[in-house]
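Just so you know, these numbers use all the heavy atoms, side chains as well, and skip hydrogens, waters and symmetry mates.
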Amino acid sequence: MFSWLKSRRTEPGDARARALYDVVRRAVTAGGRDEDDVHIRIVGATAALLACVAYADLEVEASEEEVIRVTLGRIQGLDEAGVAAIVAVMRQDVVRIASAEATTYARELLELTDETFRRQLLDVLVDVAAADDEITVSETNMLRGVARAFGLPSAAYNESQSRHRDKLAVLKGEPSR
């Protein structure tokens with residue numbers, strides 16, 4: 001009934017993320033590596049989600065970018081130059097990338113990955129949000145939406161976020177951003 005949700009492809013049709021997916025394709029296939037389109041779509045959607053969460057509070061902090069670099073550095077097929085190229089495009093086009101709903105990228109990953117991958121990525125996304133020592137209301141809302149789009153129960157988000165409970169702006173009594 002809802003097959004149209006899964007059929008929407010971010011790459012390459014969505015111009016907002018096209019530059020990111022193009023650089024991911026070049027980075028992953030650098031040096032003659034032959035990666036399939038699925039791997040490139042997974043890396044592209046992952047990078048886009050990392051950018052969305054980092055920019056959810058309208059400012060990408062250096063600490064958030066560092067978590068992104070480390071995360072991308074763990075991806076099979078990406079070397080240091082590839083990570084640097086992806087981060088450069090993310091930095092340059094973060095507004096355009098984040099202008100697409102984060103759930104668009106999350107649905108792409110729902111289609112292409114297993115639950116274990118999505119749970120691990122949710123943990124990393126929460127780590128990105130917490131990297132600047134505060135998880136804002138806008139970041140919380142985005143992360144909850146991503147968890148739902150990942151097909152994960154709300155308990156999965158609660159478990160992931162509990163590691164950074166002390167950084168939740170709403171519990172600190174701070175104004176929402």
Side-chain angles (χ1 to χ4, degrees), residues 1-30 33-56 64-65 67-79 82-83 85-87 89-90 93-94 97-131 135 139-164:
M1 179 172 162
F2 294 107
S3 61
W4 60 271
L5 285 173
K6 287 187 173 185
S7 67
R8 182 170 177 187
R9 294 256 166 85
T10 304
E11 193 276 324
D14 192 334
R16 291 175 286 209
R18 187 179 315 248
L20 177 62
Y21 279 83
D22 287 347
V23 78
V24 164
R25 183 177 306 284
R26 286 192 302 275
V28 169
T29 59
R33 289 187 297 264
D34 186 27
E35 293 294 338
D36 64 13
D37 190 54
V38 170
H39 182 71
I40 292 165
R41 288 172 54 203
I42 291 170
V43 175
T46 298
L49 272 176
L50 291 166
C52 286
V53 170
Y55 190 68
E64 293 170 322
E65 187 175 301
V67 174
I68 292 170
R69 283 181 180 280
V70 169
T71 300
L72 292 174
R74 295 184 347 220
I75 294 175
Q76 175 186 349
L78 283 182
D79 59 15
V83 169
I86 292 169
V87 169
V89 169
M90 289 169 66
D93 287 342
V94 71
I97 293 164
S99 70
E101 290 285 323
T103 55
T104 301
Y105 306 116
R107 284 192 303 266
E108 179 92 350
L109 291 170
L110 174 63
E111 177 184 342
L112 299 173
T113 63
D114 63 16
E115 183 176 327
T116 300
F117 176 91
R118 294 189 307 274
R119 282 180 181 264
Q120 290 173 348
L121 181 55
L122 180 61
D123 285 345
V124 171
L125 295 172
V126 172
D127 292 344
V128 169
I135 301 176
E139 289 169 326
T140 299
N141 292 340
M142 177 175 291
L143 290 164
R144 285 186 180 280
V146 167
R148 277 191 304 275
F150 275 172
L152 300 175
S154 59
Y157 169 75
N158 293 336
E159 290 169 17
S160 186
Q161 154 305 159
S162 70
R163 298 173 299 119
H164 300 290

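Counting heavy atoms from C-beta on, the side chains of Met142 and Val146 come closer than 4.5 Å. Between Val67 and Glu64, the closest side-chain pair of non-hydrogen atoms is not below 4.5 Å. Side chains of Ile86 and Leu78 form a contact here, defined as non-hydrogen atoms less than 4.5 Å apart.
In terms of heavy-atom proximity, Ala56 sits nearest to Glu139 at CB-CG, 3.7 Å. Looking at every heavy atom in both residues, Leu110 comes nearest to Ala149 through CD2-O, 3.4 Å. Summarising the geometry of Leu20 relative to Gly44, their closest heavy-atom pair is CD2-O, 3.8 Å, with the distance given to 0.1 Å.
Just one of Val126, Leu49, Ile42 meets the side chain to side chain contact (heavy atoms under 4.5 Å, CB included) condition when paired with Leu121; it is Leu49.
A distance of 5.5 Å separates CG of Leu50 from CE of Met90, quoted to the nearest 0.5 Å. The distance from the OG1 atom of Thr29 to the NE2 atom of His39 is 10.0 Å, given to the nearest 0.5 Å. The line from CG of Asp22 to CZ of Arg26 is 6.0 Å long, rounded to the nearest 0.5 Å.
Distance alone, capped at 3.5 Å, is enough to place a donor-acceptor pair between the Tyr105 side chain and the Ile97 backbone. Between the side chain of Arg148 and the backbone N or O of Thr103, no donor-acceptor pair lies under 3.5 Å. In this structure a side-chain-to-backbone donor-acceptor pair under 3.5 Å is present from Arg163 to Ser160. With hydrogens and angles disregarded, no donor-acceptor distance shorter than 3.5 Å links the side chain of Tyr21 to the backbone of Val43.
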Given the rule in the side chain to side chain contact (heavy atoms under 4.5 Å, CB included) test, do His164 and Ile135 qualify, once you have shown the distances and angles that lead to the verdict?
CA-CA 8 Å; His164 300 290; Ile135 301 176; 3.8 Å; yes
What's the verdict on side chain to side chain contact (heavy atoms under 4.5 Å, CB included) for Ile75 and Leu72, showing C-alpha distance, side-chain angles and the deciding distance?
CA-CA 5 Å; Ile75 294 175; Leu72 292 174; 3.8 Å; yes
I would like to know whether Glu159 and Leu152 meet side chain to side chain contact (heavy atoms under 4.5 Å, CB included); could you show each step before the answer?
CA-CA 11 Å; Glu159 290 169 17; Leu152 300 175; over 6 Å; no
Could you go through Glu65 and Arg69, starting from their C-alpha distance and side-chain angles, then the distance that decides it, and tell me whether this counts as salt bridge (charged side-chain N to carboxylate O under 4.0 Å, His left out)?
CA-CA 6 Å; Glu65 187 175 301; Arg69 283 181 180 280; 3.5 Å; yes
Between side-chain atoms of residues 112-119 and protein atoms elsewhere (two or more places apart, or another chain), which donor-acceptor pairs fall under 3.5 Å?
| from | atom 1 | to | atom 2 | distance (Å) |
| --- | --- | --- | --- | --- |
| Thr113 | OG1 | Leu109 | O | 2.5 |
| Asp114 | OD1 | Thr116 | N | 3.4 |
| Asp114 | OD1 | Phe117 | N | 2.8 |
| Glu115 | OE2 | Arg119 | NE | 2.8 |
| Glu115 | OE2 | Arg119 | NH2 | 3.1 |
| Arg118 | NE | Phe150 | O | 2.8 |
| Arg118 | NH1 | Thr113 | O | 2.5 |
| Arg118 | NH1 | Asp114 | O | 3.3 |

